[in-house]
Number of protein chains: 2
Amino acid sequence: MAVQNKDENSLPGSKLTIADIAAELGVSKTTVSRAISGKGRIGKETVRRVMECIEKYNYRPSAIAKGLATSKTYNIGVAFPADTNLSSTPFFQICLLGVCEAAAAMDYDVLVTTVKENDISQLKRIVENHNIDGIILTRDFMNDMATEYLKQKDIPFVLVGSSEDSTIVQVDSNHREACEKLVSLLLADKMSRIALIAGDMRHMVNLSRCEGYINALRSRQISIDTELVFTDCDSQVSIEQAVNSILKHQAECIICTDDVICTRVLSLLREAGAHVPGDIKVASFHDSIYLESNNPPVTAVGMDVKELGCIAGKRLIEMLGGDIDIHKKILDYEIHLRRSTQ
Amino acid sequence: MAVQNKDENSLPGSKLTIADIAAELGVSKTTVSRAISGKGRIGKETVRRVMECIEKYNYRPSAIAKGLATSKTYNIGVAFPADTNLSSTPFFQICLLGVCEAAAAMDYDVLVTTVKENDISQLKRIVENHNIDGIILTRDFMNDMATEYLKQKDIPFVLVGSSEDSTIVQVDSNHREACEKLVSLLLADKMSRIALIAGDMRHMVNLSRCEGYINALRSRQISIDTELVFTDCDSQVSIEQAVNSILKHQAECIICTDDVICTRVLSLLREAGAHVPGDIKVASFHDSIYLESNNPPVTAVGMDVKELGCIAGKRLIEMLGGDIDIHKKILDYEIHLRRSTQ
DNA sequence: CTGAAAGCGCTTACAG
DNA sequence: CTGAAAGCGCTTACAG
């Protein structure tokens, strides 16, 4: 009677290896390996027997040994921003979920690392440990240290977001077009004084949204009123200043470039006694849970963030397989017109 | 002139191995290995030379090869809930950041996997691939499939949260005590009709908070008014019903067991024209960014979620190193009394 | 269609 | 204090 066994079906020893399976079947490790991978010529009946045996003992090859043998890790990295002001947005979380889904489908694992604006030491650690085959960046900083580093090290990577560097593989929503369309729709709706409160302009996302805003005004020959446009609003204080000025200059509507800004704006408007949509209208981006329970419901551009992550994961794994098509992938968006702008 | 070299300092070939370093120094791989790990007897001067050489060529040992040789992976897993209603709470995200920090400090990497209430297939995949040494669970479901599975497989794990199973290593805040204290403080403040809106009771967190609420009332000989206590409020509808009933039965204060519930409650109160804190007071848990910009500021129990993740990561890695102390670790909390209850 | 053997890049008894 | 050699669990030319 074997002592170490945990279930009846176990072969002796606690952790099964390919050698155990081979021995059990009386074939070579080569054969077992081939049956599993499907590579090389191998008899149908043999494959069946191997599979049956694997099933019976619930054998699963060691990812790490496979990795060493093939010089791959079957891990992809996801860089998560650790700056405090960003780390609570649900965007990255949902995006990560999407990447996990794509990775799991191709039997890759997802390794998380953190990056800060001026500190990519953790990113370096993970690549220098030779523990990932490629990486996904979830934030599009201009002049980003991370992209520079990865290019120099020649590590395959995908950027969730946009970059002016066309050699970078990108997956993004069309923020410019979405914002342009949103603003156009509002302008068509007999509004003309539309204000903009935008976040950190070093992010391409915010830049693109601003561009969309400007384009929409321009195409209607409306000049940009600098008293209604506020960029780099990433603190409570700067948002408050923006809202005050906007109220003073009697805008009819405020576009916020993300839901965190919008939440604050809504709160400030309430405080100031400005009623939405009666006194002023409000629209936002991203359409996350942040705004979900607001009353009135907030008009917003909706993007499928999980899908974004999923596509990015798929693209990266394709690249690792040798696919070198560097086209930028653009995802769809939806504009949800709701009571806050009516 | 070497062709493949990227920087001047490279040894021939693109990826450095321990053999390259050994050859460069004219010593054996054994020696290099020992100099790096510090294990075994080795000359001081030798160590210095090896380190210098490593530095010069920026050599970093392959984590994967080390893993195969030592039968460890130096990866820890973090199970992330993928159920839609939970996936947007910042809790898990911040917790993950904490785990990453702890892991990086011990040169471990963090691998993310998703779990759903009735689907732990991704968790299984990651452990059966032999790709992690241990795992962190970030949610304390009662009768959790994940804990059952890990125990049966004998995989070391740490639970961020609480369990009645004392063989499980746990890291948590003292939700019961925190809630009891919060309610006591409010009761002392000449309130007596305090309502409770709690989330999914299959989570120990919510159960503990309810217990705290009940204890606080009991110790003041106040009987529980079932018209003021609502559990399993995880949908918009159930929260709405709760709020309506609470307003009808003239509670003086509402305790929400988390910030997502609280956000909705605040929104519903506004809709109903109930003024906070004039008509009714409100307090919450977790104190996340969700409530940050609310006006009035909301009284809440604050917990250091990142620290929670960090401690959990540390504990797990200690366990992997052979430490088998299974004490439950309890973190501190803070009660922030703010205008919403004044 | 199948197998013996070398190799992926480390660690670690064992022997000096 | 140092090294030669075996081994971790796979994959894959190469030879049959």
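Every value quoted in this text rests on a predicted model; they were computed, and no experiment measured them. Chain letters run A, B, ... following the sequence lines, proteins first, then strands; residues in each count from 1.
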Considering heavy-atom distances to DNA chain D, does B:Ser28 or B:Ser71 have its closest nucleotide positioned more toward the 5' end? B:Ser28
Any sub-3.5 Å donor-acceptor pair from B:Ser33's side-chain atoms to B:Lys29's backbone N or O? no
Select base, sugar-phosphate, or nothing to describe what B:Tyr74 touches, counting heavy atoms under 4.0 Å on all strands. nothing
Reckon A:Thr70 has a side-chain N or O less than 4.0 Å from the OP1 or OP2 of D:dT11? no
Do any side-chain nitrogens or oxygens of B:Thr31 fall under 4.0 Å of OP1 or OP2 in D:dG3? yes
Side chain of B:Thr30 - closest among D:dT12, C:dT12, C:dG7: C:dT12
Most 5' of B:Val27 and B:Leu68 on DNA chain D, judged by nearest nucleotide: B:Val27
Which part of the nucleic acid does B:Thr17 contact within heavy-atom distance under 4.0 Å: base, sugar-phosphate only, or nothing? sugar-phosphate
More 5' along DNA chain C: A:Lys29 or A:Arg34, using each one's nearest nucleotide? A:Arg34
Does A:Ser37 contact D:dT11 through a side-chain donor or acceptor facing the base, at a distance under 3.5 Å? no
What one should report as the nearest heavy-atom pair of A:Thr138 and A:Phe91 is O-CE2, 3.8 Å
Is it the case that atom NZ in B:Lys72 sees more than 12 heavy atoms from other parts of the structure closer than 6.0 Å? yes
Paired nucleotide for D:dT2 [Watson-Crick or G-U wobble; both distances under 3.5 Å]: C:dA15
Ion pair A:Asp107/B:Arg125, N-O distance below 4.0 Å: yes
